2 protein chains.
Amino acid sequence: MAMTKRIEETNRSRPAKRRTTTIRAAATRIPKVASAKLPEPKPAANRAEKSAERRAAIVEAAMDEFIARGFAATRLDDVAKRAGVAKGTLYLYFKDKESMFEELIRTAVVPLVNRMAAPPTITGPVRDAVERFAETFIREIVSTRRGDIVRLIVSEGPRFPTIADFYFREVVSKGMAAMQALIQLAITRGEIRQRQLAQFPQLVVAPAIVAVIWQSLFARHAPLDALAMFKVHLDLIFGERSKP
Amino acid sequence: MAMTKRIEETNRSRPAKRRTTTIRAAATRIPKVASAKLPEPKPAANRAEKSAERRAAIVEAAMDEFIARGFAATRLDDVAKRAGVAKGTLYLYFKDKESMFEELIRTAVVPLVNRMAAPPTITGPVRDAVERFAETFIREIVSTRRGDIVRLIVSEGPRFPTIADFYFREVVSKGMAAMQALIQLAITRGEIRQRQLAQFPQLVVAPAIVAVIWQSLFARHAPLDALAMFKVHLDLIFGERSKP
DNA sequence: ATAATATGACTGACCAGTCAGTCATCGTCA
DNA sequence: TGACGATGACTGACTGGTCAGTCATATTAT
């Protein structure tokens with residue numbers, strides 16, 4: 001402990017990008033999501049509109065970068081470039097990198113929840129309700145960029161307790177409660193024999209989570225038909241379907 | 001004679017300490033794993049031993065840091081400090097940060113596989129074999145730091161295709177194949193009715209994966225009895241157990 | 001006009017990786 | 001056995017490049 005000074009442990013967030021031996025810059029290029037690159041049919045003259053558009057562009061760009069690189073390795077210069085604004089502009093919309101990240105996750109999760117929390121209407125067998133739910137989930141999340149958001153939460157959650165807490169509160173606990181109610185109903189109706197299942201609603205959604213992870217890690221090696229898998233899973237829970 | 005330079009640096013310039021808005025330094029401290037901090041009962045005089053010890057210390061330290069912060073945000077200065085060596089020493093054992101990370105994962109995964117690949121002996125019902133397997137998995141992985149390694153792979157995999165490939169090749173594909181064989185056997189024996197299950201061995205292990213994720217993200221909010229959950233899962237697959 | 005916005009050059013903290021120098025071990029010879 | 005030079009593991013100050021965040025200046029909507 002000579003005179004390293006240490007400066008009070010400031011903002012922690014260090015990317016890697018060294019540029020020493022292996023350069024490999026090309027491999028670092030972002031996938032370039034086929035995002036709507038529509039050339040703004042609306043010039044959007046007034047302030048409010050432009051502001052909203054700019055914000056949306058920033059959010060979109062930041063999402064792509066954070067998903068592709070994770071929090072620490074994402075450069076705000078890149079976010080700005082991708083969004084088509086100057087770096088300073090980012091700071092007109094977000095306090096700092098961390099706030100940007102957290103707010104991003106929040107605003108991404110909300111429509112995700114709305115999508116999912118929509119129809120609690122149970123007409124007909126519970127299995128059908130669960131199956132419809134799963135279909136929506138797989139169509140809207142597993143097969144889209146939203147799945148990457150889930151993976152992002154898994155990745156960065158431990159480093160952002162705020163986000164993990166938010167996600168647990170707004171998504172997980174509610175989802176588990178809803179699922180538990182559904183299971184209970186199915187048990188009451190005699191659709192599900194295994195009564196213990198109500199204690200572990202996680203079991204119902206586990207294959208969906210695994211599908212998300214599988215897609216982003218192993219799809220290249222072995223594509224996974226998430227929907228087919230989920231149907232087999234439902235057969236396990238509800239008993240094999242008589243009619244195909 | 002290296003640094004005769006010395007640099008006057010009267011250091012009048014206030015370090016300034018950027019100190020923008022929120023500091024939040026404390027949240028950044030590493031959990032400080034309760035690792036064996038035993039004060040070296042073995043002085044280990046000879047070179048080879050010391051070298052091995054040093055390497056082990058570095059691996060241990062690096063593991064802690066990478067798990068806690070992820071690849072990009074981990075500082076090699078911290079790894080060195082934690083391992084009790086100088087930074088330069090790290091480079092005697094690893095080519096660079098990236099190699100260190102990849103090699104770390106590899107060496108961590110190997111014993112993990114050995115642990116799991118051990119007893120393919122099927123004496124008695126397949127369910128018992130799977131249950132024993134799950135017990136080992138939960139005891140050795142979900143409830144230990146090894147689970148964090150799995151999470152680390154999920155987190156950094158997309159940024160380290162090398163690692164994702166390695167993991168798929170050495171763990172996932174082998175594990176899936178073994179599980180598939182087991183399912184097939186159980187189907188043949190009539191222990192499993194749902195024949196489609198053989199197409200999706202992922203379904204069998206999904207709850208274990210979810211348990212790992214749950215532990216690291218939500219254990220604080222709602223602890224999960226992974227083993228109890230898995231037993232219910234097995235009941236779904238094999239049919240409810242008659243005897244408790 | 002002029003206030004609200006946007007810009008991007010700039011600052012300084014930060015950190016991966018280097019390398020000249022140190023010193024604990026080891027081999028060897030008296 | 002004991003002393004001494006050779007070896008190479010270890011150290012940590014230093015370099016060079018990076019990037020979050022700032023702010024004086026420029027642009028634009030009203």
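Small disclaimer: the values here were computed from a predicted structure and weren't measured. Chain letters run A, B, ... following the sequence lines, proteins first, then strands; residues in each count from 1.
- When the shell of 6.0 Å around CZ of A:R220 is examined, it contains 12 or fewer heavy atoms from other residues, nucleotides or ligands.
- Considering only side-chain atoms of B:R75, the nucleotide from C:dA16, C:dG17, D:dA20 that sits closest is C:dA16.
- At a threshold of 4.0 angstrom between heavy atoms, the contacts of B:L76 are confined to the sugar-phosphate backbone, with no base atom among them.
- Atom-to-atom, CD1 of A:I58 to C1' of C:dT5 comes out at 12 Å; the value is rounded to the nearest Å.
- Picking from C:dT7, C:dG17, D:dC10 the nucleotide with the shortest atom distance to the side chain of B:T89 gives D:dC10.
- Following rounding to the nearest Å, B:E98 (CD) and C:dG17 (C1') show an atom-to-atom distance of 14 Å.
- In this model, no side-chain donor or acceptor of B:K97 finds a partner on the base of C:dG17 within 3.5 Å.
- The B:D77 side chain lies nearest to C:dA16 when the options are C:dT7, D:dC19, C:dA16.
- Residue A:Y93 places at least one side-chain N or O under 4.0 Å from the OP1 or OP2 atom of C:dA6.
- Under a cutoff of 6.0 Å and an axis angle of 45°, B:R106 and B:F166 form a cation-pi pair.
- You'll find that the side chain of B:A86 is closest to D:dT11, out of C:dT7, C:dA16, D:dT11.
- A close approach under 4.0 Å does occur between a side-chain nitrogen or oxygen of B:R54 and OP1 or OP2 of D:dT11.
- Minimum atom distance to the side chain of B:L92 is reached by D:dC10, of the listed C:dA16, D:dC10, C:dT7.
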Using residues 150-158 of chain A as the side-chain source, report each donor-acceptor pair under 3.5 Å to any protein atom, sequence neighbours left out, with the distance given to one decimal.
{"residue": "A:S155", "atom": "OG", "partner": "A:R151", "partner atom": "O", "Å": "2.9"}
{"residue": "A:E156", "atom": "OE1", "partner": "A:R159", "partner atom": "NH2", "Å": "3.4"}
{"residue": "A:E156", "atom": "OE2", "partner": "A:F71", "partner atom": "N", "Å": "2.9"}

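- Summarising the geometry, the separation between CZ on B:R69 and C1' on C:dC15 is reported as 13 Å, rounded to the nearest angstrom.
- With B:F94 as the aromatic partner, B:R55 meets the cation-pi criteria of under 6.0 angstrom to the ring centre and within 45 degrees of the ring axis.
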